Amino acid sequence: MPTLSARLLDRLVPAFDQLDPGADPVLRESDRADFQVNGAMALAKRLGRAPREVAEEILAIADLSGLVSSTEIAGPGFINLTIADEALIEQLVEMGDDEALGVPADPEAGVVVVDYSAPNVAKEMHVGHLRSTVIGDSLCRILELTGAVVVRRNHVGDWGTPFGMLIEHLLDMGEAEAVQGLSVGDLNGFYTEARAKFDADDGFKERSRSRVVSLQAGDEETLRLWRLLVAESVRYFDAVYSELGVLLEESDVVGESYYNPLLDAVVDDLDAAGLLVDSNGAACVFPPGFTNRAGEPLPLIVRKSDEGYGYAATDLAAVRDRVGTLGAQRILYVVGAPQAQHFEMVFAVAKMAGWLPEGTEAIHVAFGNVLGPDRKMFKTRAGGTVKLQDLLAEGTERARSALLERGHDDDSLEATARQVAMGAIKFADLSTDRQRDYIFDWDRMLAFEGATGPYLQYAHARIRSIFRRLEDQPAAGGILLGHPAERSLARHLVALPDAVAATVESLSPSKLCTYLFDLAQHFTSFYEQCSVLQAPDEATRASRLELCELTASSLRLGLGLLGIEAPERM
RNA sequence: GCGCUCGUAGCUCAACGGACUAGAGCAUCUGACUACGGAUCAGAAGGUUGUGGGUUCGAAUCCCGCCGAGCGCACCA
């Protein structure tokens, strides 16, 4: 089913084509009317004609019958369009019949690999993993709805020199005891103890070093111990993901170690392509346009001077694997903004090597830091790292008391508190433009008023409450838009597909957040002005119930795309 | 030093080169509870969009300079 804006474009494009083939109508939502068409002005400039005259000609040519009820040319050459109520109603009916509420699935969307979350084995997840996990999860859900085949990749840090000391520490403790400790999630304690011994005890340090060598050499017993560490960590990650309500699973974990067997080929093939340069003993590629502090060319170090591989090699191998084996048309890296230059370089080298051919693209979906109320990096009061589990638990606790304060009185309290807390945390994160840093503030995000997760959940719960009170099955009549509040709600409802499209286009869930908040506001305004259950007549009542149903579905779908649950009651 | 990102209302944020009033939310002030959840709604007030130029019919948005902030800049990921 085509969206309303697609229908409009179908009528407008031929008119613009007639004056200048390929001209963009520049169709936008408008606060003056329903839509505005701004393309006439740019077109007039190219044609050397008067803008208003061009606008008039467009309107004369375009067949807007049945879709638009009135048009107006305003200002320097804006075309304002008011949608016919019948067209709006038709759109709403189709929306109601569609599980995706009119969001079109693009059959050409292709395979998209989304690389996100990426915690480290044997380390606890902390607030620094929050944004990648939440943003990545939301993008996956949205891309799937819009037709992409999404492959989730949790690129966990499961390899490298720290594993020597971790394995030795595990042996010192005894396997059984170590596993016991790890299974209760005390990964930081484990890591810290290992680190402390490594720094203090030369013998331990020596054992750790040779253990790394055994690990890299593929010694079976060492690998077994390493797998034990990885398995315990993955179980712990799963517990966090499940509490947070993100879709990552064990099978999505494809850590750094997975790419080890592919690294030699990366170097060999770069060498064969003549791209590899030896610089101070390291095997490097110098992609053009990157310089260091001294203004000299900056290398991407593929193999270190000690023969070891760095993360550039792993990232290059991952690009090859994802494009070559998984068939990715797009690879999204949901990774913090500070790594922008690294990814630019990796992508540049991958292109030079032909590993990102025409028709494929790699995108760094960068995001800013989580800051505390003091605008500095978010830390605990003691200055330590905020553990993700602690953060989620605190949120749930705060949500619980907020619900109790407001008289929540059934046995769903625990479950609802968790849903509200996760909704609050996620909405706060997703509603700010990705690129910017955002300030983590419990009171603001957990407020039940304003643009927050709880406000949206509340709007949904109120609608559901109407249906709980409904005793009879309403007659299936048509939709009526007699009241201005009904019409503006309707107008907003049909814009859901456009909001989703804008979100996909920019890979910014904040656009969807804005849409949903506006929708909730339009709804509550309608709700205040238009009685539903006690509507003046049966036809109006049925129509309003239908509008309620569509709003609830839209909120549920939209929140779902953000990874936020929509409880029936709060 | 070079590069990237960014400076919008007291605070947190929107605004895809477009309109006579730069929008929301919070906080503040004023109203509205005998309708479906007042956890709400209606309204008011609040801005030389860091600054100085430029391009344009039209700039928060594009270009240049300056000021300020954060991050990155060779073997950790």
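Labels below follow one simple rule: chain letters A, B, ... track the order of the sequence lines, proteins then strands, and each chain is numbered from 1. All figures in this text were calculated on a predicted structure; none of them were measured in a lab.
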Phosphate contact ([N] OP1 or OP2) by [X] side-chain N/O below 4.0 Å:
| X | N | answer |
| --- | --- | --- |
| A/Lys376 | B/G70 | no |
| A/Arg293 | B/G3 | no |
| A/Ser531 | B/A35 | no |

Roughly how many Å is it from [atom1] in [X] to [atom2] in [N], rounded to a whole number?
| X | N | atom1 | atom2 | value |
| --- | --- | --- | --- | --- |
| A/Gln341 | B/C73 | CD | C1' | 5 Å |
| A/Leu298 | B/C4 | CG | P | 14 Å |
| A/Arg52 | B/G18 | CZ | C1' | 15 Å |
| A/Asp433 | B/G70 | CG | P | 20 Å |
| A/Gln36 | B/G17 | CD | C1' | 12 Å |

Taking atom [atom1] in both [N] and [M], compute the distance separating them and give it to the nearest angstrom.
| N | M | atom1 | result |
| --- | --- | --- | --- |
| B/C26 | B/A69 | C1' | 24 Å |
| B/G70 | B/G31 | P | 45 Å |
| B/U34 | B/G18 | C1' | 49 Å |

(request) Using both distances under 3.5 Å as the test, list the Watson-Crick or G-U wobble partner of B/G65, or none. (result)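 Because both required distances fall under 3.5 Å, B/G65 counts as paired with B/U51.
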(message) Let's test this: given Watson-Crick or G-U wobble pairing with both distances under 3.5 Å, identify the partner of B/G43.
(response) B/C29
(request) May I ask you to say what A/Ser525 touches in the nucleic acid, namely base, sugar-phosphate or nothing, with a heavy-atom cut-off under 4.0 Å? (result) sugar-phosphate
(request) Evaluate the salt bridge (charged side-chain N to carboxylate O under 4.0 Å, His left out) criterion for residues A/Arg153 and A/Asp115: first the C-alpha distance (whole Å), next the side-chain angles of each, then the deciding distance (0.1 Å), finally the verdict. (result) CA-CA 5 Å; A/Arg153 279 289 184 258; A/Asp115 181 325; over 6 Å; no
(request) Report yes or no: is there a donor-acceptor pair, N or O only, under 3.5 Å between the side chain of A/Arg469 and the base of B/C36? (result)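 When only heavy-atom distances are counted, A/Arg469 does not reach the base of B/C36 through any donor-acceptor pair under 3.5 Å.
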(message) Once hydrogens and angles are ignored, does a donor-acceptor distance under 3.5 Å link the base of B/A19 to the side chain of A/Asn80?
(response)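 Such a pair is found, so the answer is yes.
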(request) Check whether the ring centres of A/Phe526 and A/Phe523 lie less than 6.0 Å apart, and answer yes or no. (result) yes
(message) Is the distance from the ring center of A/Phe347 to that of A/His364 below 6.0 Å?
(response) no
